[in-house]
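Quantities reported herein were computed from a predicted structural model and do not represent experimental measurements. Atoms within each ligand, like the ligands themselves, are counted from 1 in listed order.
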Amino acid sequence: MSKPVPITFIEVDTSTIADAQGRVAIIVDPEGRMDVAARRINRLTKGALARLIEAKGAAAKVAEAHVISFPVGMSAEALDVVFLSRRASALEARKAGVSLGRVRGTSDVLLCAGGHRKASEIALGVALRDYAFENHKSDADRSGGAVQVMVSKPAEVAAAAEPALAVAEGVFFTRDLVNEPANVLTTTEFAKRLKDMETLGLEVEVLEEDALQALGMGALLSVGEGSVSPSKVVVMTWNGGAKDSQPLALVGKGVVFDTGGISLKPAAGMEDMTMDMGGAGVVSGVMRAIALRKAKANVVGLVGLVENMPSGSATRPGDVVTSMKGDTIEVINTDAEGRLVLCDVLHYAQERFNPAGIVDLATLTGAVIIGLGHENAGVFSNDTKFCNAFLNAAEGEGEGAWRLPLGKGYADQLKSRIADLKNVGGRPAGSITAAEFLHRFIKDDMPWIHLDIAGVASVKSDTAYAPKGATGWGVLALNRLIADRYETE
Ligand code: BES
Ligand code: MN
Ligand code: ZN
């Protein structure tokens with residue numbers, strides 16, 4: 001799997017700058033005085049740094065990087081100058097790191113951050129942006145390179161950066177899963193990669209089809225009927241909190257490929273449906289992150305892994321299936337499969353764990369992309385306090401999230417003539433009727449948030465933290481929600 005570039009923190013020693021190989025990066029306050037490292041670099045480069053600050057500093061955008069190639073007086077191949085105020089916010093500092101992560105390639109980096117108070121955030125930004133999915137490039141070589149950050153209090157900064165870099169590894173895990181093609185990431189391979197996380201101290205249990213049958217998960221099982229890959233539910237448990245405290249439950253849609261089933265999708269763009277396990281990918285990345293940083297919280301992650309294929313054994317439009325809860329569902333459109341997967345996993349999560357709250361994530365509807373584009377995930381909730389805690393966490397981490405309404409009128413669109421409900425509510429408010437479908441499977445008084453991440457899980461242009469492709473959206477926000485709300489210390 002892709003791992004973030006190794007980052008270490010070292011004492012300020014300006015004597016090493018002249019001979020440093022790879023890239024040298026320097027953080028400069030466009031309006032402040034040069035620190036010792038900047039003064040050294042300025043001397044080595046015969047004043048180039050001062051001239052750059054003079055020419056570009058005043059008009060520099062926050063966290064903007066300027067690259068000076070093969071700087072005179074230095075062994076480095078490039079000098080990256082990043083303008084960042086001493087009083088920069090955490091997100092601005094992260095952005096400065098992103099600028100550096102974007103240009104690193106496979107080189108070593110000596111990053112001179114001096115006494116910047118947000119040095120750990122700069123490091124996180126470097127780590128998050130320095131990602132490439134090259135599992136299937138035969139000429140790929142990302143083996144090289146490490147980042148050394150020169151700071152005035154290395155032990156302190158390293159301690160602050162350690163949990164953040166664990167979260168970056170969780171984000172990478174999510175991106176790898178989401179980027180992986182469906183012939184590689186089958187339900188079986190997905191479950192195996194999760195099972196491998198037992199070495200991190202997670203409990204990982206894989207429920208196979210016979211177990212799902214015995215539990216009565218007829219809705220989930222109906223989706224995988226046409227595929228040769230067996231449907232599975234994987235339960236990941238992290239017990240880092242107090243013994244008797246109820247866990248937070250995270251539930252993810254893991255459709256490893258969504259052809260639409262018998263209600264087949266059009267050919268154009270169908271290849272993108274390899275990312276339809278994005279919700280499960282985020283749940284998996286969060287579980288990895290909290291295990292790596294040994295979070296003092298109880299969290300259980302459940303993912304429903306299925307493949308939605310057309311075949312002679314596939315579920316037909318018009319079929320009626322029975323969910324674990326007991327509600328019967330008329331399958332009007334086999335392409336509205338995510339909700340069929342989630343309703344059973346949501347019910348199971350509540351029955352088995354009686355969680356303190358549930359967050360589900362799913363690439364659920366194309367309609368949410370029409371409404372919110374690729375900037376914000378759709379947020380739905382039956383509990384405003386819980387919802388606001390999530391929205392605050394997302395805002396604090398720079399991940400777009402926007403609340404949309406629920407309501408009985410929308411739920412009424414799901415009435416079926418022959419069963420308890422049907423799986424589509426028509427074109428109007430498609431994301432909301434999908435959310436209302438899930439809502440029906442949430443017990444009264446159970447705090448619940450549904451995140452429709454169809455627009456943000458994988459995108460076609462670079463985002464704040466990621467190159468195009470899988471973003472890992474949500475890992476940072478959920479990690480922060482857990483840290484803020486569920487951790488004791
Ligand atoms: N996986 C799709 C939603 C999706 C669309 C995700 C685009 C990412 C990008 C989902 O299973 C789906 O097909 N939804 C249908 C629902 C409809 C049939 C009610 C949709 O949005 O068209
Ligand atoms: Mn679908
Ligand atoms: Zn889908």
Asker: Should the pair Arg403 and Phe380 be classed as cation-pi, given the thresholds of under 6.0 Å to the six-membered ring centre and 45° from the axis?
Answerer: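 Checked: cation-pi criterion not met.
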
Asker: Does ligand 1 have any atom sitting under 4.0 Å from a heavy atom of Met277?
Answerer: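 In this structure, Met277 fails to qualify as a contact of ligand 1 - no heavy atom is under 4.0 Å.
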
Asker: Checking Ser323 against Asp344 for the side-chain hydrogen bond (donor to acceptor under 3.5 Å, both in side chains) test, could you report, in this order, the C-alpha distance in whole Å, the side-chain angles of both residues, the deciding distance, and whether it holds?
Answerer: CA-CA 6 Å; Ser323 66; Asp344 277 341; 4.5 Å; no

Asker: Under 4.0 Å from a heavy atom of Ala454: which atoms of ligand 1 are those, numbered in the order shown and with their elements?
Answerer: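 This gives 6 (C), 8 (C) as the contact atoms.
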
Asker: Among all protein heavy atoms, pick out the one at the shortest distance from atom 2 (C) of ligand 1; state its residue, atom name and that distance to 0.1 Å.
Answerer: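 Nearest protein contact, heavy atoms only, for atom 2 (C) of ligand 1 is Asp258 OD2, 3.6 Å.
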
Asker: With a 3.5 Å distance limit and no angle check, can you tell me whether Ser99 reaches the backbone of Ala63 through a side-chain donor-acceptor pair?
Answerer: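 Present.
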
Asker: If you have a sec, work out which protein heavy atom is nearest atom 1 (N) of ligand 1 and how many Å separate them, to one decimal?
Answerer: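 Sorting protein heavy atoms by distance from atom 1 (N) of ligand 1 puts Asp276 OD1, 2.8 Å first.
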
Asker: Salt-bridge test for Arg316 and Asp319: reply yes if a basic N is under 4.0 Å from a carboxylate O, no otherwise.
Answerer: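 The answer is yes: the pair qualifies as a salt bridge.
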
Asker: One residue to check: Asp272. Relative to ligand 1, which of side chain, backbone, both or neither has a non-hydrogen atom less than 4.0 Å away?
Answerer: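 It is neither part, as no heavy atom is under 4.0 Å.
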
Asker: Does any N or O in the side chain of Asp258 come within less than 3.5 Å of the main-chain N or O of Met273, such that one atom is a donor and the other an acceptor?
Answerer: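 Not confirmed, Asp258 side chain does not pair with Met273 backbone.
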
Asker: To check your reading of the model: name the closest protein heavy atom to atom 18 (C) of ligand 1, its residue, and the distance in Å.
Answerer: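 Going atom by atom, the protein heavy atom closest to atom 18 (C) of ligand 1 ends up being Asn333 ND2, 3.5 Å.
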
Asker: Taking backbone and side chain together, does Ala362 place any N/O/S atom at a distance below 2.8 Å from the Zn ion (ligand 3)?
Answerer: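 So Ala362 does not bind the Zn ion (ligand 3) by this criterion.
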
Asker: What residue and heavy atom of the protein are closest to atom 21 (O) of ligand 1, and at what distance?
Answerer: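 Result for atom 21 (O) of ligand 1: Gly366 N, 2.7 Å.
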
Asker: Just do the side-chain hydrogen bond (donor to acceptor under 3.5 Å, both in side chains) check on Arg293 and Asn479 with the steps written out, would you?
Answerer: CA-CA 10 Å; Arg293 70 174 183 81; Asn479 176 70; 2.7 Å; yes

Asker: Using the ring of each side chain (for Trp, its six-membered ring), is His66 parallel, tilted or perpendicular to Phe83, with breaks at 30° and 60°?
Answerer: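 Taking Phe83 first and then His66, their aromatic rings stand perpendicular (interplane angle over 60°).
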
Asker: So, Asp258 and the Zn ion (ligand 3): N/O/S under 2.8 Å, yes or no?
Answerer: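 An N, O or S atom of Asp258 is closer than 2.8 Å to the Zn ion (ligand 3), so yes.
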
Asker: Strictly distance-based, threshold 3.5 Å: is any side-chain N or O of Thr363 a donor or acceptor partner for the main-chain N or O of Asp276?
Answerer: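 Confirmed, Thr363 side chain pairs with Asp276 backbone.
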
Asker: Do Arg288's NZ or CZ and the ring of Phe173 fall within the cation-pi criteria of under 6.0 Å and 45°?
Answerer: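 Yes, a cation-pi geometry.
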
Asker: Is any side-chain N of the basic residue among Arg193 and Glu180 closer than 4.0 Å to the acidic one's carboxylate O?
Answerer: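 Salt bridge present between Arg193 and Glu180.
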
Asker: What protein heavy atom is closest to atom 7 (C) of ligand 1, reported as residue, atom name and distance in Å?
Answerer: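 That would be Met273 CE, 3.7 Å.
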
Asker: So, does Thr433 sit close enough to ligand 1 that a heavy atom of it is under 4.0 Å from the ligand?
Answerer: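 Per 4.0 Å heavy-atom rule, Thr433 does not contact ligand 1.
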
Asker: For Lys265 and ligand 1, does the shortest N/O to N/O distance drop below 3.5 Å?
Answerer: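 Yes, there is a polar N/O contact under 3.5 Å.
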
Asker: Do Asn308 and Thr259 pair up side chain to side chain, a donor and an acceptor below 3.5 Å, judged on atom types alone?
Answerer: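 Absent: no donor and acceptor within the cut-off.
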
Asker: Which protein non-hydrogen atom lies closest to atom 16 (C) of ligand 1, naming both residue and atom, and how far is it?
Answerer: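 Protein heavy atom with the smallest distance to atom 16 (C) of ligand 1: Arg339 NH2, 4.0 Å.
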
Asker: Would you mind naming the N, O or S atom of Glu337 nearest to the Zn ion (ligand 3)?
Answerer: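 Of the nitrogen, oxygen and sulfur atoms in Glu337, the Zn ion (ligand 3) lies nearest to OE2.
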
Asker: Is there side-chain contact between Thr471 and Tyr465, with at least one heavy-atom pair below 4.5 Å?
Answerer: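 SC-SC contact between Thr471 and Tyr465 ruled out.
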
Asker: Closer than 4.0 angstrom, basic N to acidic O: yes or no for Glu337 and Lys253?
Answerer: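 Yes, this pair counts.
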
Asker: How close does the nearest protein non-hydrogen atom get to atom 19 (C) of ligand 1, and which residue and atom is it?
Answerer: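 Protein heavy atom with the smallest distance to atom 19 (C) of ligand 1: Val424 CG1, 3.5 Å.
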
Asker: For the Mn ion (ligand 2), which protein N/O/S atoms fall under 2.8 Å? Skip waters.
Answerer: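 Correct list: Asp258 OD2, Asp335 O, Asp335 OD1, Glu337 OE1.
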
Asker: Taking Lys95 first and then Glu121, would you say they form a salt bridge - that is, a charged N and a carboxylate O separated by under 4.0 Å?
Answerer: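 Salt bridge absent between Lys95 and Glu121.
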
Asker: Identify the closest protein heavy atom to atom 14 (N) of ligand 1: which residue and atom is it, and at what distance?
Answerer: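 The protein heavy atom lying closest is Leu364 O, 3.5 Å.
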
Asker: With the Zn ion (ligand 3) at the centre, find the angle made by NZ from Lys253 and OD2 from Asp276, to 10°.
Answerer: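 Here the angle at the metal atom is close to 100°, to 10°.
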
Asker: Any idea which atoms of ligand 1 are less than 4.0 Å away from a heavy-atom of Lys253?
Answerer: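 Answer, ordered by atom number: 1 (N), 10 (C), 11 (O).
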
Asker: Short list, please: which atoms of ligand 1 are under 4.0 Å from a heavy atom of Ile369?
Answerer: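 Atoms satisfying the 4.0 Å criterion: 7 (C), 9 (C).
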
Asker: Under 4.5 Å between any side-chain heavy atoms of Val171 and Tyr131, yes or no?
Answerer: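 When only atoms from C-beta onward are counted, Tyr131 and Val171 do not touch, as no gap falls below 4.5 Å.
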
